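Ligands are counted one by one from 1 in listed order, and the atoms in each one are counted from 1 as well. Just so we're clear, the structure is a prediction, and the values are computed from it rather than from any experiment. Note that the numbering runs from 1 along the sequence shown for the chain.
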Amino acid sequence: MIQRNDYRTIIKRVISSVLALTVAFSLAGCGEEKEEVKKEAPATVTVGFSQIGAESDWRLASTASMQSAFNESTGYKLMMDDGQQKQENQLKAMRKFVDSGVDYIVLDPITETGWDATLQEASEANIPVIIVDRRVDVENDDVYVAWIGSDFRLEGDRACAWLEAYLASIEYEDEVNIAHIQGTVGSSAQIGRTEALEEKADACGWNIIAQEDADFVQAKGKEVMERMLAEFGDTINVVYCENDSEALGAIEALKERGMRPGKHIQNGEVLVVSFDATRDGLLKTLSGEITVDTECNPNYGAPTIRLINSLQNGLPVEHDNYMEESQFSTVLTITEVRVDGKPYKVTHLNRDMLANRNY
Ligand code: AHR
């Protein structure tokens with residue numbers, strides 16, 4: 001049976017051939033080489049990309065990475081839609097992509113749930129969907145071809161394992177009172193990083209004295225930190241931020257209140273734990289205001305285009321694909337952390353490493 005997508009491919013090929021012949025005839029009329037007649041313009045592959053928004057430096061970097069991979073020079077046309085941090089906008093964009101008959105859809109889902117119907121529509125229209133960054137929680141995983149993203153739970157586990165190792169290394173035995181600034185509730189990044197903290201806090205007897213969503217946004221990170229400081233003041237000695245943007249906001253709020261973000265918790269400094277490892281996040285790590293920054297890799301362009309190129313050539317692709325990520329600190333005593341018995345290297349950050357960090 002010929003599917004809707006097959007019809008589109010046939011129509012595209014017919015249009016390309018007609019165009020090629022038209023060009024060829026007019027060239028022939030002008031006395032050009034006959035050989036031109038055989039040339040067929042390659043059809044451009046259209047990719048609809050539903051991006052979450054522009055909430056953080058990390059997000060801007062992921063958009064830039066997709067744009068630099070998918071463009072005319074690589075044979076693609078990227079139709080990007082900015083969801084402005086709203087799932088309803090992303091759902092509309094997905095329908096628009098299906099209606100306009102794009103060749104592929106790339107979706108970075110704001111939250112995990114609520115995608116079944118839309119992904120089913122894309123699947124029935126025979127448009128392959130690739131999920132990037134965060135995950136979707138759907139009844140049937142076959143409604144999308146592949147996922148490329150981060151292991152957010154592992155990121156959280158690495159951050160918490162680092163914190164546990166650090167506190168042990170300085171023989172810190174006082175109360176650990178954590179202000180927990182969450183990312184968008186219901187997103188994979190929040191779920192994984194929050195679960196890791198809650199589990200480790202339980203195991204180590206740490207107190208999570210405040211917990212609030214700041215949507216991965218710097219200004220909200222600052223507001224949330226201000227509210228937590230107003231309520232708990234200097235009893236807070238650890239701030240666990242679920243991304244660098246929130247950490248930058250939280251650090252501002254701490255300093256405005258006269259508190260000192262830094263690694264000497266035993267001398268009244270506040271340990272700031274963060275995720276992403278953006279340039280600004282790593283600068284704060286170098287200055288010691290962020291104690292440990294666990295990387296979240298935003299460079300989706302290259303792996304996504306590789307995957308789509310494979311699909312274009314009829315090659316098999318892996319369903320689940322993980323990004324490579326690291327962890328940075330300037331604390332020299334901890335060179336690795338263990339999660340489920342497996343060692344993960346902690347990179348000792350130095351200024352040279354920032355030379356290629358363009359986000
Ligand atoms: O999904 C990845 C998270 O989303 C990044 O940690 C954060 O910065 C972004 O907004």
Side-chain angles (χ1 to χ4, degrees), residues 49-66 80 82-87 89-90 106-115 130-137 147-160 180-197 213-222 224 239-251 272-285 290 292-301 303-304 320-328 357-359:
F49 173 38
S50 169
Q51 175 60 294
I52 291 172
E55 75 280 8
S56 59
D57 285 351
W58 186 99
R59 183 68 49 204
L60 299 179
S62 97
T63 297
S65 165
M66 290 291 286
M80 196 190 98
D82 177 345
Q84 300 184 12
Q85 293 266 82
K86 288 199 171 70
Q87 187 177 38
N89 292 341
Q90 290 201 279
V106 177
L107 167 68
D108 189 331
I110 181 158
T111 48
E112 293 194 349
T113 54
W115 302 100
I130 293 100
I131 310 287
V132 294
D133 172 26
R134 303 177 185 176
R135 282 188 178 271
V136 288
D137 180 2
W147 166 82
I148 310 171
S150 298
D151 186 337
F152 296 107
R153 176 60 204 254
L154 177 62
E155 290 175 358
D157 283 334
R158 288 174 78 172
C160 293
H180 177 193
I181 304 185
Q182 294 175 293
T184 308
V185 169
S187 67
S188 309
Q190 175 273 320
I191 294 169
R193 294 167 188 169
T194 293
E195 278 177 2
L197 176 65
D213 179 354
D215 234 358
F216 293 118
V217 172
Q218 181 167 346
K220 289 192 192 172
K222 185 174 182 204
V224 168
V239 184
Y240 182 93
C241 298
E242 290 186 356
N243 82 343
D244 279 343
S245 299
E246 292 178 345
L248 297 180
I251 288 168
V272 177
V273 174
S274 185
F275 295 88
D276 281 359
T278 59
R279 187 180 172 77
D280 284 351
L282 291 180
L283 280 169
K284 290 284 179 207
T285 311
I290 289 177
V292 62
D293 204 349
T294 305
E295 186 177 29
C296 183
N297 188 342
N299 296 313
Y300 283 100
T304 309
D320 283 359
N321 305 272
Y322 289 93
M323 300 292 278
E324 282 201 14
E325 297 178 335
S326 188
Q327 184 174 43
F328 300 93
R357 209 36 144 219
N358 53 4
Y359 56 88

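- Ligand 1 places these atoms under 4.0 Å from at least one heavy atom of Ser56: 7 (C), 8 (O), 9 (C), 10 (O).
- Only side-chain heavy atoms of Arg193 come within less than 4.0 Å of ligand 1; its backbone N, CA, C and O stay farther off.
- Of all atoms in ligand 1, listed by their number and element, those nearer than 4.0 Å to a heavy atom of Phe216 are 7 (C), 10 (O).
- Of all heavy-atom pairs between Gln90 and Leu107, the closest is NE2-CD1, 3.8 Å.
- The ring of Tyr240 has its center closer than 6.0 angstrom to the ring center of Phe275.
- Of the options Asp133, Asn243, Thr294, the smallest heavy-atom separation from atom 2 (C) of ligand 1 is shown by Asp133.
- Annotation: side chain of Asn243 is not in contact with side chain of Cys241 (no heavy-atom distance under 4.5 Å).
- With Gln327 contributing its side chain and Arg158 its backbone, the two residues share a donor-acceptor pair below 3.5 Å.
- In this structure, the protein non-hydrogen atom closest to atom 10 (O) of ligand 1 is Glu55 OE2, 2.4 Å.
- Between Gly156 and Ala196 the shortest heavy-atom distance is C-CB, 3.3 Å.
- No heavy atom of Glu155 sits closer than 4.0 Å to any atom of ligand 1.
- Ion pairing of Glu295 with Arg357 is present here, as a side-chain N (NZ or NE/NH1/NH2) and a carboxylate O approach within less than 4.0 Å.
- For atom 5 (C) of ligand 1, the nearest non-hydrogen atom of the protein is Asp276 OD1, 3.4 Å.
- Annotation: atom 3 (C) of ligand 1 to nearest protein heavy atom, Arg134 NH2, 3.7 Å.
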